[in-house]
Structures are given as structure tokens and as C-alpha cells.
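Scroll down for the structure; my scribbles are underneath it.
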Amino acid sequence: MDTSSDSDDDKPLLARRVPVKKEMEVHAAVKPMDDDSDDDKPLVDRKPFKTYVRKDSLKKNALMADTASPKRAAQAQASAPPEKKLKVSPSFVGKSRVKEELSDDDDDEDDVPIAQRKPSISSIKKTVLVQQKTKASSSSGCSANAAKKFLEKAKAQKLLKKKKVVKVTITKTKKEPGSGEGQKWQTLEHNGVIFPPPYESHGVKMLYDGKPVDLTNEQEEVATMFAVMKDSDYATKPKFLKNFWEDWKAILGKGHVIKKFELCDFTPIYDWAQAEKERKKSMSTEEKKRAKEEKLKAEDKYMWALVDGVKEKVGNFRVEPPGLFRGRGDHPKMGKLKTRIMPEEIVINIGKDAPIPECPIPGCRWKEIRHDNTVTWLAFWNDPINNKEFKYVFLAPSSNLKGQSDMQKYDKARVLKDYIADIRKTYTMDFSSSDPTRKQIAVATYLIDRLALRAGNEKDEDEADTVGCCSLKVEHVTLIAPNSLQFDFLGKDSIRYFNTVEVEEKVYKAIGQFKKGKAEGKDLFDKLDTTKLNLHLKAIMPGLTAKVFRTYNASITLDKLLQDTSGDTTIEKIADYQRANKEVAILCNHQRSISKGHGAQMERLEGKMTEMEALLEELEVDLDRAKKGKPPLKDSDGKVKKNQNPEALEKKIAATRQKVEKMRLDMRIKDDLKTVALGTSKINYMDPRITVAWCKLHEVPIEKIFNKSLLAKFAWAMEVEPDFRF
DNA sequence: CGCTAAACTTAGAATGTTTGTG
DNA sequence: CACAAACATTCTAAGTTTAGCG
């Protein structure tokens with residue numbers, strides 16, 4: 001595989017992450033790793049197989065049956081034995097309790113209002129269960145000695161391995177904690193959402209044509225939103241300015257003195273805001289702490305929900321404050337006013353028997369109260385920028401509900417593993433299909449599989465113009481003879497995907513054919529959209545959709561790369577992990593912008609480096625002279641250096657050399673990673689069980705890899721065996 | 001079906017906090 | 001101890017997929 005040349009593959013792989021503006025040569029393809037080692041041989045050589053859906057693989061997958069659709073679930077279960085079991089370690093059941101311990105260490109006041117309420121019947125059962133299990137599994141706590149415990153446990157696990165594996169098997173169905181069809185919960189209590197404070201006027205007057213102007217509160221509020229963005233990139237974008245001006249003008253009203261945007265001077269407001277920032281920064285740590293505590297106390301009741309009697313963290317309980325829309329990339333709506341959301345616009349979802357949260361703004365009421373236990377949201381409102389869309393309030397990633405569905409996501413990807421060989425064979429055959437739709441599906445699937453492209457839905461006129469696989473346009477792919485393709489397009493978040501890959505002859509030809517006779521701007525895959533593609537994928541494997549390939553390839557790549565890590569010390573092991581993580585991030589094209597201090601930081605390191613090298617040279621001279629018995633030279637201040645024996649000098653030289661080497665390496669890593677975002681794949685793509693297992697096997701404390709949030713989010717994955725393979 | 005509405009996952013930037021270093 | 005760099009958290013935009021309807 002082309003991913004194998006470990007020593008120098010960093011460079012070519014990295015070369016792809018090109019900052020959007022710069023052009024750069026691309027040297028190599030990034031390909032997902034997998035264990036199917038014959039995969040890069042011409043796929044044609046493989047024996048074809050008969051049908052899409054193989055009976056033997058169908059039955060593997062009761063668990064794939066799709067969560068949301070009762071109908072499909074029923075079908076899936078009809079064709080597949082429902083007694084498919086899912087292994088769950090005992091502590092899984094007690095997870096929510098463990099999770100709380102994990103995330104609660106900063107405020108142990110569990111019994112805030114919400115928790116005081118009587119638990120529902122089902123929750124009593126659950127709580128008992130939870131408490132029983134807690135003792136057995138309390139090892140994944142996040143306390144000071146957690147790392148030690150983790151290691152001890154890992155060691156024990158390693159030794160005993162097969163022995164005490166008390167696996168509880170539960171029947172896996174689509175139903176979540178609750179029981180009915182598509183039910184997500186039985187009881188749900190929460191306190192609604194918290195609103196941003198009302199606008200407080202600062203009374204600072206902006207200038208119009210050089211003269212101060214009076215503004216109403218509302219006018220001033222919007223002017224301030226704009227003023228404070230002076231230093232951001234948006235302030236230079238014409239579209240942003242235009243959209244802001246349009247919305248603000250409307251608020252100013254017809255007869256207002258302010259007529260022309262060009263005559264507006266917001267600097268007084270900007271200066272005030274800067275001063276305000278400064279003032280806040282200069283508050284004593286005491287004051288800051290106090291303010292923070294107060295805020296926390298006021299918000300505490302909104303932070304938690306009771307789901308089936310279990311206290312769970314709420315994700316985004318804060319209603320988004322008004323502001324100017326910050327769309328990414330070339331977004332047609334950037335700069336538009338995102339208006340303040342009022343309680344009257346908010347729909348609350350809550351258990352039938354739960355008290356309805358009091359509306360925090362006096363004299364207001366909620367838009368609607370629902371009791372829908374087939375969904376997981378606690379509240380939503382219409383997005384003021386795009387009224388057809390919604391903003392939801394969900395539980396935090398550490399919640400049971402989210403954890404369950406996260407695990408299902410990875411389990412689904414693991415099922416794909418059983419199908420992937422056949423899927424690859426099939427699409428390879430279909431590269432030469434005479435049915436044009438089939439051919440396009442084959443090529444699209446190939447790209448999604450090998451390049452980890454996203455599905456690529458159609459986008460509206462009023463969104464940034466970005467694409468994914470199905471929505472690729474003719475100009476996004478260039479043929480490079482003899483058989484390479486160059487991709488250059490803006491994907492999600494307007495992040496550039498720029499990559500040149502060698503592909504199979506047939507793919508190369510097919511792309512050429514798809515492009516032929518089409519003008520720029522035309523769809524490369526004209527017979528295809530994500531719905532059709534996913535429909536096709538579902539026919540191959542229950543629950544299979546385009547995004548599963550990304551999860552699969554990310555996880556399998558991590559799994560593979562972690563197989564042969566060589567680090568001895570913990571530090572080296574962590575570096576090994578990060579290297580693997582980096583590969584995955586590159587595969588998924590996860591980028592970040594170069595931090596603003598990066599250039600300067602590198603220069604500073606460069607300077608230090610030169611310094612050290614100079615020192616090294618000086619030491620060599622000293623050594624030389626010392627060996628010959630000559631007295632040492634004067635140092636830079638003109639003083640005579642103290643005499644040193646050759647042994648000491650040699651030691652010092654060796655140490656310095658080592659330091660220089662380490663620095664060189666650090667610098668390279670820093671530079672390599674300047675545009676690579678490792679976090680996204682860790683949070684969303686790499687099965688945490690791979691990481692946990694690897695940590696156990698290599699006796700690396702899991703805390704070195706997962707921060708507090710991730711530990712809480714991945715509580716469900718903590719008990720895997722050290723020999724877990726994705 | 002093909003469309004739109006709805007619900008949920010994934011994403012990078014911005015902001016806040018901790019840690020390392022001189 | 002001051003400052004910056006690293007790291008963690010928050011924020012909300014931008015995707016994917018599913019549901020439901022005519």
C-alpha cells in the first residue's frame with residue numbers, strides 16, 4: 001500500500017494540506033488503510049461475485065436495522081434474526097453514574113432543583129441498578145489517581161484477559177433506553193433554556209459625517225455588533241458590509257440622518273468596546289472568580305436534565321444571542337442581523353408529567369409545549385437567518401442518549417468491515433457497466449471509499465457554494481495523464497480539498513467520460529444525488545450510508561496504524577498515537593487555520609536553534625583546545641572562561657546535540673501540524689475503543705489521550721478489552 | 001417517487017483556562 | 001511572577017440522513 005513507507009510519508013501526505021491561498025505540488029495520494037491487503041492490486045483480477053446482497057452477510061446485522069424507522073426496523077428484523085446480541089460489559093449499564101462522577105468534580109451539588117423531583121418509576125429501577133454496578137466499575141473516574149487505577153486495571157485485564165470477562169448480553173434493538181418503537185425516553189424533565197441578557201446601552205455616540213449621532217437602543221445595539229468586528233476578516237468583505245448595511249438601514253428607518261454607509265464612523269464605539277474588554281481583563285482574579293461562580297450558580301439549573309430518572313448534562317441550553325451572521329466561506333448572507341430570540345419563538349419538548357419550565361422572561365410564554373418522546377431535543381426555535389431551519393437544544397455528548405447513538409455509529413461502521421471487500425469488488429466491476437447510473441454510482445462510491453469524500457447534498461442558492469462527492473462539478477476534477485486525478489474544490493465549511501491521486505485506469509477513463517461534453521458548472525455525476533446513492537448503499541448493507549465510509553476508514557486506519565507503534569517511553573507512545581491521529585485527520589481533510597503567532601514562533605525557534613548551533617561550535621573549539629592543553633578563549637564578554645576538562649566538555653556537547661535534535665524534530669512536527677486539526681477525528685471519527693484498548697495494551701494512561709470532555713463522552717468505551725480490534 | 005421538513009452529526013473559529021518558561 | 005503557548009471548552013454554522021407528504 002502506498003501508506004506504508006513510514007519514514008517519509010509524512011512529507012508527501014502533508015503536502016496536501018495546502019493553505020487555501022497557496023498553490024503547492026501534491027506528491028501522493030492519501031488512502032485509507034485497511035486490512036484487505038490485496039486491495040491495491042488491480043481489482044479486476046479478483047473474482048467477481050454474484051449479487052449485491054449476500055444472504056450470509058445480511059443476517060449479521062440485526063443491529064444495523066435503522067434506528068428511526070419502525071417500518072424498516074420491522075423489515076430488517078423479519079429478514080434477520082432479532083436475537084442478535086450485543087456484548088456489553090457490566091459497567092455499561094452503570095455508565096450514567098460513572099459519567100456523572102466524571103464530569104461532576106467541579107460542582108458536586110447533584111441535588112439541584114431538578115434532581116429533587118421524584119424520580120419516575122422506571123428511573124427508580126434504573127437507579128438501583130446503577131448503584132449496584134457502580135462499585136464494580138468505578139475505576140474510570142477522573143480523580144487524581146484515576147490514571148493509576150486505569151493502568152492497574154489495564155494490567156489486570158491484560159493478564160487475566162479471557163478469565164473474568166463477565167459479559168452481559170442484552171438484546172439489541174433499535175429502541176433506546178426507553179421501550180417502544182423509536183422511543184428515545186420515558187420521562188424527561190428539564191428547566192428550559194436561558195436567554196441572553198437584554199441589551200444595555202452604553203450611550204457612546206458614533207460619528208456620521210464627522211458628527212455624533214443619536215441612536216435608539218436597538219439601533220445602537222446593531223451598530224455595536226458591527227463596530228466590534230472591525231478587526232475581523234469580515235470587516236473587509238463587501239458582502240458582509242452590504243448585508244449589514246441593508247439590515248441596519250431598515251432599523252434606522254426612513255427619515256434617519258444616517259443615509260450613507262460610507263459616512264459612518266464606528267470607531268468611538270469600537271474604542272469603548274476595547275476599553276471595556278481591557279477593564280474586564282484587569283479585574284482581579286478574585287473578582288473574576290466571584291463573577292464566574294455567580295454566573296454558574298444562576299445557570300446551574302439549566303445545565304441538567306432528568307432523562308428516565310438519570311441526571312444528564314444539557315448541551316446548549318443558552319439561546320443564541322443576537323449578532324451579525326458569520327457564515328463561512330463566500331456565504332451570501334454574511335453580515336445579516338441575527339435577531340434576538342424571544343420565548344414566544346421557542347418550542348419546548350418535555351415529559352408529560354414533568355413540570356413545564358417557567359419562562360425566564362417575565363410576562364412571556366413559550367411558543368409551544370410538546371411531549372414527543374420519539375425525539376431527543378429539549379427545545380428548538382427557528383433560525384432567524386434561515387427561517388426554514390431550526391436550532392435545537394440537545395443533551396450533551398456525555399449523556400447516555402448521545403453515547404448510545406455514538407456507539408451505534410461505530411458498530412455500524414464495524415459492520416461495514418464485513419461488507420467492504422464485496423462492495424469494492426462490486427463497484428470495481430461496475431466501473432465498466434453499460435448502465436450509466438450504475439457506472440456513476442460505482443465511481444462515486446469509489447471516491448467516497450478511497451478518498452473519504454462526503455456525500456455531497458444539493459445546496460441552496462442562499463448558501464455558500466461548496467460541494468461533496470455527488471455534487472462535484474466538472475471543473476473540480478482534472479485528469480492528469482496517465483491515470484491521476486486532481487481534485488480541487490471547496491467542501492464543508494468552505495475548506496479546500498486539494499489532492500492528486502493515482503486511480504485505477506477505469507476510474508480515470510470513467511471520469512473523463514463523465515466530464516466529456518459538459519460545460520463548467522455542470523454536475524460530474526449527472527445521474528446521481530445523495531438520495532439515490534444512499535438508497536443503493538442501503539440495498540447492499542442495512543443502514544449503510546455514505547458517511548459510514550468516513551467513519552469506517554478513519555477507524556480502520558487508526559486501528560491499523562496503532563498496531564505497530566514502537567515508542568518506549570510514555571512520551572514516545574503519545575507521539576506514536578498523535579502520528580496515527582494525524583494520518584486520519586489528513587485522510588478526512590480536517591484543517592485549521594494557521595495560528596496568528598505561528599510564523600513568529602517558528603522564527604523564534606529558528607533563532608534559538610542557530611544560537612545552540614553556535615554554542616556547539618564554541619564548545620568544539622573549547623574541547624579542541626582543552627585536549628591540546630591550551631587555555632580557553634575569552635567568551636563574548638571578553639572574560640576568560642573557566643577551564644574545563646575534555647570529558648566534561650564532551651558530555652556537554654553530546655547533551656547539546658541531543659537538545660538540538662529534539663528541537664529540530666519538535667519544529668518539524670509543529671510546522672507539519674500547523675494546518676492539521678487533530679481534534680475533529682478524535683471527537684467524531686475514530687472509535688474510542690481502539691484508543692482505549694491501545695492505551696491498555698501499552699500502559700498509557702487514557703487521560704494522556706482523552707481530555708475530560710472526551711472521557712465523559714466516551715464513557716461507554718472505557719471497558720473494552722486490550723485486544724479489541726475495530 | 002421527489003420534494004420539503006425535521007432531526008441529528010460534524011466542523012472550525014473564538015474564547016477561556018492551564019501550563020510551561022524565562 | 002509575567003507572559004505566551006498549549007490546551008480545553010464553547011459556540012454555532014454546515015453538513016448528512018430520515019420522515020412525511022402530495
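Chain A is the first sequence line, chain B the second, and so forth, proteins listed ahead of strands; every chain is numbered from 1.
Map A:Lys388 and A:Lys547 each onto its nearest nucleotide of DNA chain B; the residue landing nearer the 5' end is A:Lys388. Both A:Lys608 and A:Thr551 lie near DNA chain B, and the one whose nearest nucleotide falls closer to the 5' end is A:Thr551.
Rounded to whole Å, atom C1' of C:dA13 lies 15 Å from atom CG of A:Asp460. One interatomic measurement links the two molecules: CH2 of A:Trp377 to P of B:dA6, which rounds to 10 Å at whole-angstrom precision. Atom CG in A:Asp372 sits about 11 Å away from atom C1' in B:dA6, given to the nearest Å. Look at NZ on A:Lys708: it is 10 Å from C1' on C:dA8, rounded to the nearest Å. Summarising the geometry, the separation between CG on A:Leu337 and P on C:dT12 is reported as 14 Å, rounded to the nearest angstrom. Between A:Lys713 atom NZ and B:dA11 atom P the separation is 11 Å, expressed in whole Å. Computed from coordinates, the A:Glu461 CD to B:dT4 P distance equals 14 Å when rounded to whole Å. If you take CG of A:Asn684 and P of B:dA11, they are 6 Å apart, rounded to a whole angstrom.
Of the side-chain N and O atoms in A:Thr530, none sit less than 4.0 angstrom from OP1 or OP2 of C:dT16. Contact between the side-chain N/O atoms of A:Asn707 and the OP1/OP2 oxygens of C:dC7 is not found at any separation under 4.0 Å. For B:dT9, the OP1/OP2 oxygens have a side-chain nitrogen or oxygen of A:Ser405 closer than 4.0 Å. For B:dA7, one of the phosphate oxygens OP1 or OP2 lies less than 4.0 angstrom from a side-chain nitrogen or oxygen of A:Tyr392. Phosphate contact (OP1/OP2 of B:dC1, side-chain N/O of A:Lys532, threshold under 4.0 Å): absent. The side chain of A:Lys409 places no N or O atom within less than 4.0 Å of a non-bridging phosphate oxygen (OP1 or OP2) of B:dC8. For the OP1/OP2 pair of B:dA11 and a distance below 4.0 Å, the side-chain nitrogens and oxygens of A:Arg550 include at least one atom meeting the criterion.
Checked for salt-bridge contact, A:Asp671 and A:Lys674 meet the test: a charged N lies under 4.0 Å from a carboxylate O. Using a 4.0 Å cut-off between charged side-chain N and carboxylate O, A:Asp372 and A:Arg370 make no salt bridge.
Ring centroids of A:His331 and A:Phe325 are separated by less than 6.0 Å, placing the two rings close together. Separation of the A:Phe487 and A:Phe498 ring centroids does not fall under the 6.0 Å cut-off.
Geometrically, A:Lys336 does not engage A:Phe244 in a cation-pi contact, judged by NZ or CZ lying under 6.0 Å from the ring centre and within 45° of the ring axis.
Comparing C:dA4, B:dC8, C:dT12 by their nearest atom to the side chain of A:Glu320 picks out C:dT12. For A:Thr545, taking side-chain heavy atoms from C-beta onward, the closest of the listed nucleotides C:dT17, B:dC8, C:dT12 is C:dT17. Nearest nucleotide to the A:Lys184 side chain, out of B:dC8, C:dT12, C:dT9: B:dC8. The side chain of A:Gln601 sits closest to C:dA6 out of C:dA14, B:dC8, C:dA6.
Checking A:Asn581, A:Ile702, A:Leu710, A:Val700 one by one against A:Thr691, the side chain to side chain contact (heavy atoms under 4.5 Å, CB included) holds for a single residue, A:Ile702.
Here the CG-CG distance, from A:Leu472 to A:Leu447, works out to 7.0 Å after rounding to the nearest 0.5 Å.
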Would you tabulate the pairs of protein nitrogen or oxygen atoms and nucleotide nitrogen or oxygen atoms of nucleotides 12-16 of chain B closer than 3.5 angstrom?
{"unit_1": "B:dG12", "atom_1": "OP1", "unit_2": "A:Gln591", "atom_2": "N", "d": "3.0"}
{"unit_1": "B:dG12", "atom_1": "OP1", "unit_2": "A:Gln591", "atom_2": "O", "d": "3.4"}
{"unit_1": "B:dG12", "atom_1": "OP2", "unit_2": "A:Thr680", "atom_2": "OG1", "d": "2.8"}
{"unit_1": "B:dG12", "atom_1": "O5'", "unit_2": "A:Gln591", "atom_2": "O", "d": "3.3"}
{"unit_1": "B:dG12", "atom_1": "O4'", "unit_2": "A:Arg328", "atom_2": "NH1", "d": "3.3"}
{"unit_1": "B:dG12", "atom_1": "N2", "unit_2": "A:Arg328", "atom_2": "NH2", "d": "3.3"}
{"unit_1": "B:dG12", "atom_1": "N3", "unit_2": "A:Arg328", "atom_2": "NH2", "d": "3.1"}
{"unit_1": "B:dA13", "atom_1": "OP1", "unit_2": "A:Ser593", "atom_2": "OG", "d": "3.2"}
{"unit_1": "B:dA13", "atom_1": "OP2", "unit_2": "A:Ser593", "atom_2": "N", "d": "3.1"}
{"unit_1": "B:dA13", "atom_1": "OP2", "unit_2": "A:Ser593", "atom_2": "OG", "d": "3.4"}

Audit row: A:Arg340, A:Glu221, salt bridge (Lys or Arg N to Asp or Glu O under 4.0 Å) steps and yes/no: CA-CA 11 Å; A:Arg340 187 178 288 269; A:Glu221 180 180 14; 3.1 Å; yes
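Residue-level contact check: A:Gly327 touches the backbone only, with heavy atoms under 4.0 Å from sugar-phosphate atoms and none from bases.
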